[in-house]
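Residue numbers start at 1 and run along the sequence shown. Not measured: the values here are computed from a predicted model.
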Amino acid sequence: MVNGRTVLERFPAGGPRGSWPAEEFAHARRQEGLPAEVVMDLATDTFLVIVRGDTAADAVA
């Protein structure tokens, strides 16, 4: 966990046109009850699916 968030998965920013794998992964996690969201890591040019705060500790426990 860094800065109160846990990274669940990483996806390259250059995915196929019309494909949103990070958004689809986050949506599936939200369906499971995790408040997952997608953020962009500009330094690595990747999309990160994260969970913020105390929920992050519960997600990996």
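Between Thr46 and Pro12 the shortest heavy-atom distance is CG2-CA, 4.3 Å. Residues Ala36 and Val49 approach most closely at CB-CG1, 3.9 Å, considering heavy atoms.
Open room surrounds CZ on Arg10; 12 or fewer heavy atoms of other groups in view lie less than 6.0 Å from it.
Counting heavy atoms from C-beta outward, Phe11 and Val38 have side chains that stay 4.5 Å or more apart. Side-chain contact between Val7 and Asp41 is absent, with no heavy-atom pair separated by less than 4.5 Å. Residues Asp45 and Met40 have side chains in contact (heavy-atom distance under 4.5 Å, counting atoms from C-beta outward).
Once rounded to the nearest 0.5 Å, the distance linking NE2 of His27 with CD of Glu37 reads 15.5 Å.
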